[in-house]
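A short write-up of the structure that comes next.
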Amino acid sequence: MAPVVKIGSLPSYIEQTVMLEGWLYNKRSSGKIQFLQLRDGTGLVQCVAVKSEVGDEVFAECASLTQESSVRVEGVVRADERAPSGVELVVQRVEPVQIAQEYPITLKEHGVDFLMDHRHLWLRVPKQAALMRIRAHIQRAITEYLDGQGFTRVDPPILTPSSCEDTTELFQTTYFDEEAYLTQSGQMYMEAAAMSLGKVYSAGPCFRAEKSKTRRHLIEFWMVEPEMAYVEHEENLRVQESLVSHVVTHVLNHCEEELRTLNRDISALAKVPGTFPRMSYDEAIAWLQKKGFDIKWGDDFGAPHETELAGQFSQPVFIERYPTELKAFYMQPDPNRPEVVLCADMLAPEGYGEIIGGSQRIHDYDLMKQRFAQHKLPEDTYDWYLDLRRFGSVPHSGFGLGLERTVAWIAGIEHIREAIGFPRTLYRLYP
RNA sequence: UCCUCGAUAGCUCAGCGGUAGAGCAUCCGGCUGUUAACCGGAGGGUCGUAGGUUCGAAUCCUACUCGGGGAGCCA
């Protein structure tokens with residue numbers, strides 16, 4: 001019995017007899033020769049069955065295989081310059097595992113709606129598989145980096161009693177006799193954990209019931225939220241640029257094949273690692289005004305503004321110190337200019353928009369209490385959050401990195417929905 | 001919520017007032033080096049739903065349903 005090996009490792013089995021276990025990606029045939037394109041999750045290889053060599057029975061078995069049929073194939077590995085991957089398998093024996101019915105996703109074009117309805121099958125095509133691998137590598141690079149920097153992963157709850165901000169965008173559910181909501185951010189819990197462990201992060205799903213229909217939005221998305229005690233604004237930004245640089249470098253080093261499958265412009269990614277450019281909100285407004293945009297100090301940026309701002313740079317850019325009024329209640333005011341907060345958004349280049357939002361948090365009890373009143377937040381549900389300012393409060397900072405936006409940018413895809421296995425988009429809960 | 005575009009064969013689309021079409025997929029036949037293989041043949045349709053205009057509607061009008069893209073908001 002020939003050893004079972006993975007397609008990705010075939011180059012080290014030249015002239016040996018091996019068994020492959022996979023699925024038929026495509027088949028081309030003539031009267032007396034068939035080319036079976038087999039995939040197994042590690043790669044794609046062409047298996048050649050010649051009628052005069054394998055005999056009528058095996059040849060007929062090959063002919064019976066339909067697109068996406070599962071099959072074991074035994075044969076001899078052969079180096080061949082005509083093969084895209086440099087190797088082929090000369091078929092000796094095939095063992096159909098299951099003959100697939102007429103497969104819905106052909107090698108031709110399909111519309112978004114159809115593909116989304118068949119997401120469970122769409123994942124099998126090389127491009128989607130490459131995206132899942134890149135996503136996994138990005139997650140690995142993130143946790144590798146943070147773990148290496150002394151962060152401790154702490155998992156916040158998914159079911160929460162109330163929101164971090166306002167409640168209109170929350171998915172409501174019940175918790176026995178109480179109202180409960182699906183989390184839209186683990187940040188407040190991370191602040192609590194940081195007061196115990198110093199540097200912490202979470203990496204998990206967030207849910208926002210926003211009626212957003214754009215290529216940058218998902219209803220359920222994954223966010224990485226580091227939080228650091230005794231860390232102020234400046235260091236917060238350095239951690240962010242260092243993390244993102246590490247992630248991009250990791251993908252460049254580990255996902256060359258996947259990036260090629262996706263036709264990603266690798267030279268653009270290679271320019272990313274390093275120190276990122278910065279603009280203050282003030283500078284950004286002035287720059288936009290000079291460009292002819294009708295915008296004044298105190299206005300928030302829209303998508304066209306962000307695209308224009310990020311378009312100046314080949315690296316992600318920080319836009320920092322936004323007006324206090326525009327930002328979340330927990331953000332620390334700049335001590336020299338209380339009308340702005342010590343925050344920054346990181347905008348990805350090439351028009352991918354915001355991938356990180358972060359800030360230094362308010363650590364003063366009285367100021368936080370005042371913000372609660374201004375934002376009419378119910379003190380009973382947030383009392384534990386105020387406790388963090390009652391018992392050994394320290395300056396601290398953190399940020400949230402949108403995983404799918406980061407994947408979409410690094411992979412160079414058009415739409416964020418392909419950056420997650422089973423996307424939840426507006427009005428789509430299937431499959 | 002608003003703006004905008006769309007819905008015709010299993011899929012991608014053409015047809016835009018006068019007999020329902022093509023490519024791919026499927027099935028049959030041919031082909032010993034194919035690369036989304038190719039060549040020949042066959043089957044396949046309540047033209048999203050409901051109403052209206054008209055001698056006649058896939059085509060024009062209205063409403064609805066479902067979906068795409070975008071805005072706001074955000075990661």
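Side chains are part of it too, since the values below use all heavy atoms of this structure and drop only hydrogens, waters and symmetry mates.
Using a 4.0 Å heavy-atom distance criterion, A/Gln46 is classed as a base contact. At a threshold of 4.0 angstrom between heavy atoms, the contacts of A/Leu401 with the nucleic acid are absent. Looking at heavy-atom distances under 4.0 Å, A/Ala83 makes no contact with the nucleic acid at all. Residue contacts shown for A/Gly353 are absent, as no nucleic acid heavy atom lies under 4.0 Å away. Residue contacts shown for A/Thr406 are absent, as no nucleic acid heavy atom lies under 4.0 Å away. Using a 4.0 Å heavy-atom distance criterion, A/Tyr103 is classed as making no nucleic acid contact. Looking at heavy-atom distances under 4.0 Å, A/Ile356 makes contact with sugar-phosphate atoms alone, never a base. Nucleic acid contact class of A/Asp300 (heavy atoms, under 4.0 Å, all strands): sugar-phosphate only.
Aromatic pair A/Trp384/A/Tyr189: centroids less than 6.0 angstrom apart. For A/Phe301 and A/Tyr281, the distance between ring centers is under 6.0 angstrom.
No side-chain donor-acceptor contact under 3.5 Å links A/Ser280 and A/Asp282. Remark: the A/Ser359 side chain and the A/Tyr330 side chain contain no N/O donor-acceptor pair separated by less than 3.5 Å. A/His233 and A/Glu320 form a side-chain donor-acceptor contact under 3.5 Å, judged by distance and modelled atom types alone. Donor-acceptor pairing under 3.5 Å is recorded for the side chains of A/Asp147 and A/Tyr201.
Distances shown here put a side-chain N or O of A/His415 below 4.0 Å from the OP1 or OP2 atom of B/G69. Phosphate proximity of B/A71 to A/Arg216: present, with a side-chain N or O under 4.0 Å from OP1 or OP2. Between A/Arg417 and the phosphate of B/G69, there is a side-chain N or O to OP1/OP2 separation shorter than 4.0 Å.
Under the Watson-Crick or G-U wobble criterion, with both distances below 3.5 Å, B/C2 is paired with B/G70. The partner of B/G43, taking Watson-Crick or G-U wobble pairs whose two distances both stay under 3.5 Å, does not exist in any strand shown. Checking B/G21 for Watson-Crick or G-U wobble geometry (two distances, each under 3.5 Å) identifies B/C13 as its partner. The partner of B/A63 is B/U49, judged by Watson-Crick or G-U wobble contacts that both fall below 3.5 Å. If you check B/C38 for Watson-Crick or wobble pairing at under 3.5 angstrom, you find it paired to B/G30.
The A/Ala303 side chain lies nearest to B/G72 when the options are B/G72, B/A25, B/A75. Relative to the side chain of A/Leu107, the nucleotides B/A36, B/G33, B/C73 differ in distance, and B/A36 lies closest. Nearest to the side chain of A/Arg78, among B/G72, B/G33, B/U34, sits B/G33. You'll find that the side chain of A/Gln37 is closest to B/U34, out of B/G33, B/U34, B/G72.
Going from the P atom of B/C5 to that of B/G10 covers 28 Å, rounded to whole Å. The separation of B/A9 from B/G45, taken at their C1' atoms, amounts to 6 Å, rounded to a whole angstrom. Rounded to whole Å, the separation between the C1' atoms of B/C47 and B/C13 comes to 13 Å. If you take atom C1' in B/G44 and the same atom in B/A25, they sit 11 Å apart, rounded to whole Å. Using P as the reference atom, B/G6 and B/A63 are 16 Å apart when rounded to the nearest Å. The same atom, C1', is picked in B/C24 and in B/C38; the two are 14 Å apart, to the nearest Å. Spacing between B/C2 and B/C27 at atom C1', rounded to whole Å, works out to 50 Å. Straight-line distance between the C1' atoms of B/A7 and B/A58: roughly 11 Å, to the nearest whole Å.
Side chain A/Ser212 to base B/G72: a donor-acceptor pair is found below 3.5 Å. Applying the 3.5 Å distance criterion, the base of B/U34 shares no donor-acceptor pair with the side chain of A/Ser29. Side-chain N/O atoms of A/Arg28 and base N/O atoms of B/C31 include no donor-acceptor pair closer than 3.5 Å. With hydrogens and angles ignored, no donor-acceptor pair closer than 3.5 Å exists between the side chain of A/His110 and the base of B/C11.
The interatomic distance linking A/Asp299 (CG) with B/C73 (P) rounds to 10 Å, in whole Å. The NE2 atom of A/His305 sits 11 Å away from the P atom of B/C73 (whole-angstrom rounding). The nearest whole Å value for the distance from the CZ atom in A/Phe59 to the C1' atom in B/G33 is 12 Å. In this structure, CG of A/Leu121 is placed 18 Å from P of B/A25, rounded to the nearest angstrom. When the P atom of B/C13 is taken as reference, atom CD of A/Glu109 falls 7 Å away, rounded to whole Å. Atoms CD1 (A/Ile105) and P (B/C11) sit 12 Å apart, rounded to a whole Å.
An aromatic stack links A/Phe221 and the base of B/A75, using centre distance under 5.5 Å and interplanar angle under 30°.
Toward the 5' end of RNA chain B, the nearer of the two residues A/Glu404 and A/Lys32, judged by each one's closest nucleotide, is A/Lys32. Between A/Arg82 and A/Phe114, the residue whose closest nucleotide on RNA chain B is further toward the 5' end is A/Phe114.
Using bins of under 30°, 30° to 60° and over 60° for the plane-to-plane angle, the ring pair A/His137/A/His250 lands in the tilted bin. Classified by interplanar angle (parallel below 30°, tilted 30° to 60°, perpendicular above 60°), the ring pair A/His118/A/Phe114 is tilted.
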